[in-house]
Amino acid sequence: MKKIVALYNQYLEVISYLFWGVITTLVNLGVFAGLHWLTNWNYMINNAIAWFISVLVAYLSNKTYVFHSKTVSVLGYLKEMASFFGGRLLVLGLEMVILYVGITLLSGNELIVKIIDNVIVVIVNYFWSKWAVFRNHES
């Protein structure tokens with residue numbers, strides 16, 4: 001039992017990230033699917049709206065529950081937020097390419113391609129958040 005607890009503590013950050021990543025992914029997929037079924041909007045518009053809402057959820061959960069950021073100054077907070085949203089904006093470009101190739105060029109099912117896309121996005125976002133956004137915590 002001690003070994004299990006030690007492994008849990010060793011990988012707590014990754015476990016937390018994956019948990020909140022699943023929540024964020026469900027928000028992203030839920031908004032995307034809801035817009036897909038309820039509107040006649042292009043999938044890129046649906047994706048942009050889903051992205052924005054899920055990035056808000058991701059920022060708050062990553063800051064608070066995953067990386068336990070203790071940013072206290074306004075400047076530190078703004079830098080952290082700009083880095084987080086900037087990185088996510090770059091990944092949005094990657095996401096749009098994946099969706100375009102999978103849906104438009106390969107005629108894939110929109111929701112299946114979106115799920116595959118989300119797996120790639122979660123991995124890239126973890127490393128961006130860990131190495132670029134939440135690496136320096138203020139006290």
Side-chain angles (χ1 to χ4, degrees):
M1 187 64 163
K2 285 183 180 181
K3 187 158 183 120
I4 293 171
V5 171
L7 282 172
Y8 174 78
N9 288 332
Q10 181 180 354
Y11 295 105
L12 181 58
E13 181 181 275
V14 173
I15 293 167
S16 296
Y17 184 82
L18 290 174
F19 173 79
W20 288 104
V22 168
I23 299 299
T24 300
T25 298
L26 291 174
V27 168
N28 187 284
L29 292 172
V31 172
F32 183 84
L35 292 171
H36 172 72
W37 290 321
L38 297 173
T39 71
N40 287 324
W41 297 343
N42 181 279
Y43 68 88
M44 292 290 193
I45 294 169
N46 296 344
N47 188 60
I49 294 167
W51 174 86
F52 180 77
I53 293 169
S54 64
V55 168
L56 288 174
V57 171
Y59 176 71
L60 295 173
S61 62
N62 277 247
K63 177 178 181 50
T64 306
Y65 303 116
V66 177
F67 299 106
H68 306 285
S69 174
K70 304 291 185 219
T71 306
V72 292
S73 71
V74 173
L75 182 59
Y77 182 76
L78 291 174
K79 282 182 180 179
E80 182 181 85
M81 186 184 284
S83 179
F84 188 87
F85 280 87
R88 297 294 167 111
L89 194 58
L90 290 173
V91 175
L92 176 62
L94 171 66
E95 189 171 353
M96 294 297 200
V97 169
I98 292 168
L99 292 176
Y100 178 75
V101 169
I103 296 168
T104 303
L105 299 182
L106 300 177
S107 300
N109 177 281
E110 288 184 16
L111 297 178
I112 300 281
V113 173
K114 182 67 176 164
I115 290 168
I116 293 166
D117 161 69
N118 265 266
V119 170
I120 296 166
V121 164
V122 164
I123 294 167
V124 172
N125 283 335
Y126 172 76
F127 289 107
W128 176 260
S129 294
K130 181 169 181 65
W131 293 337
V133 180
F134 298 110
R135 65 186 169 135
N136 295 321
H137 302 291
E138 292 181 20
S139 8

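- A pairwise comparison of heavy atoms in Ala50 and Phe32 identifies CB-N, 3.8 Å as the closest pair.
- Remark: of the listed residues Leu7, Val14, Leu12, Leu7 is the sole one forming a side-chain contact (heavy atoms from CB on, under 4.5 Å) with Gln10.
- Counting only heavy atoms from C-beta outward, the side chains of Val91 and Trp128 never approach each other to under 4.5 Å.
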| query | Between Trp20 and Val122, is a side chain to side chain contact (heavy atoms under 4.5 Å, CB included) present by the stated rule, with each step listed? | reply | CA-CA 10 Å; Trp20 288 104; Val122 164; over 6 Å; no
| Hey, mind stepping through Leu111 and Trp37 against side chain to side chain contact (heavy atoms under 4.5 Å, CB included) and telling me if it holds? | CA-CA 11 Å; Leu111 297 178; Trp37 290 321; 3.6 Å; yes
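- Remark: Glu110 CD to Thr104 OG1 distance equals 8.5 Å, nearest 0.5 Å.
- Val119 and Tyr43 end up in the same hydrophobic cluster when Ile, Leu, Val, Met, Phe, Trp and Tyr side chains are linked at under 4.5 Å.
- Criterion: ILVMFWY side-chain heavy atoms under 4.5 Å apart, direct or through other members. Under it, Val66 and Ile15 are not part of a common hydrophobic cluster.
- The distance from the NZ atom of Lys114 to the CD1 atom of Ile98 is 9.5 Å, given to the nearest 0.5 Å.
- A donor-acceptor pair is defined here as one N or O able to donate and one able to accept, closer than 3.5 Å; such a pair exists between the side chain of Ser61 and the backbone of Ala58.
- Rounded to the nearest 0.5 Å, atoms OH (Tyr17) and CZ (Phe67) are 6.5 Å apart.
- With Tyr100 contributing its side chain and Met44 its backbone, the two residues share no donor-acceptor pair below 3.5 Å.
- The hydrophobic clustering, which links ILVMFWY residues whose side-chain heavy atoms are closer than 4.5 Å, places Tyr65 and Tyr11 apart.
- Nearest heavy atoms, Ser83 versus Ala132: OG-O, 3.8 Å.
- Closest non-hydrogen pair, Tyr59 versus Tyr77, comes out as OH-CE1, 3.5 Å.
- Between the Asn9 side chain and the Val5 main chain, a donor and an acceptor come within less than 3.5 Å of each other.
- The CG atom of Leu92 lies 6.0 Å from the CG atom of Asn47; values are rounded to the nearest 0.5 Å.
- The distance from atom OG1 of Thr24 to atom CG of Asn62, rounded to the nearest 0.5 Å, is 7.0 Å.
- Between Leu18 and Tyr126 the shortest side-chain heavy-atom distance does not fall below 4.5 Å.
- In terms of hydrophobic clustering, with Ile, Leu, Val, Met, Phe, Trp and Tyr side chains grouped at heavy-atom distances under 4.5 Å, Phe127 and Phe84 are assigned to a common cluster.
- Once rounded to the nearest 0.5 Å, the distance linking OG1 of Thr71 with CZ of Phe134 reads 7.5 Å.
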| request: Carefully, step by step, assess Ser129 and Arg88 under the rule side chain to side chain contact (heavy atoms under 4.5 Å, CB included). | output: CA-CA 9 Å; Ser129 294; Arg88 297 294 167 111; 3.3 Å; yes
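- Not one N or O on the side chain of Thr39 forms a donor-acceptor pair closer than 3.5 Å with the backbone of His36.
- Both Ile53 and Leu35 are assigned to one and the same hydrophobic cluster, defined by single-linkage of ILVMFWY side chains at heavy-atom distances under 4.5 Å.
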